[in-house]
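Input: a single structure, listed below in structure tokens.
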Amino acid sequence: MDGEISASTGLQTNKPFDSAGNYAGDSVDEHKILEGANEYLARKQISQINNNS
């Protein structure tokens, strides 16, 4: 599933017992992890710019 996006509106009638492991709030947690990574990279980049000038 590399690079795929999917959406689910509820219970799938053809797979009633299939749980994909997606829970409310998972995307928020993932977003917070990405924000933290971006913050870290930004700090490293600013440090590099300051050291090179």
Side-chain angles (χ1 to χ4, degrees):
M1 272 182 60
D2 194 21
E4 293 181 7
I5 297 175
S6 65
S8 178
T9 58
L11 185 65
Q12 296 180 11
T13 56
N14 59 341
K15 299 177 188 174
F17 300 109
D18 185 22
S19 63
N22 294 331
Y23 300 100
D26 281 352
S27 61
V28 174
D29 294 338
E30 184 176 338
H31 181 75
K32 288 185 181 202
I33 291 170
L34 289 173
E35 281 182 342
N38 286 338
E39 197 174 312
Y40 170 78
L41 292 173
R43 273 189 263 124
K44 297 291 279 183
Q45 185 174 12
I46 290 169
S47 174
Q48 184 68 37
I49 290 168
N50 289 335
N51 288 336
N52 289 341
S53 56

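Heavy atoms only: backbone and side chains are in, while hydrogens, waters and symmetry mates are out. In this text the structure is predicted, and so the values were computed from the model without any measurement.
Few gaps surround CD on Glu35; more than 12 heavy atoms of other groups in view lie less than 6.0 Å from it.
Remark: Leu34 CG to Lys32 NZ distance equals 12.5 Å, nearest 0.5 Å. From Glu39, atom CD reaches atom CZ of Arg43 across 5.0 Å, with rounding to the nearest 0.5 Å.
For the pair Gln48/Lys44, no side-chain contact is recorded, criterion being any heavy-atom separation below 4.5 Å from C-beta on.
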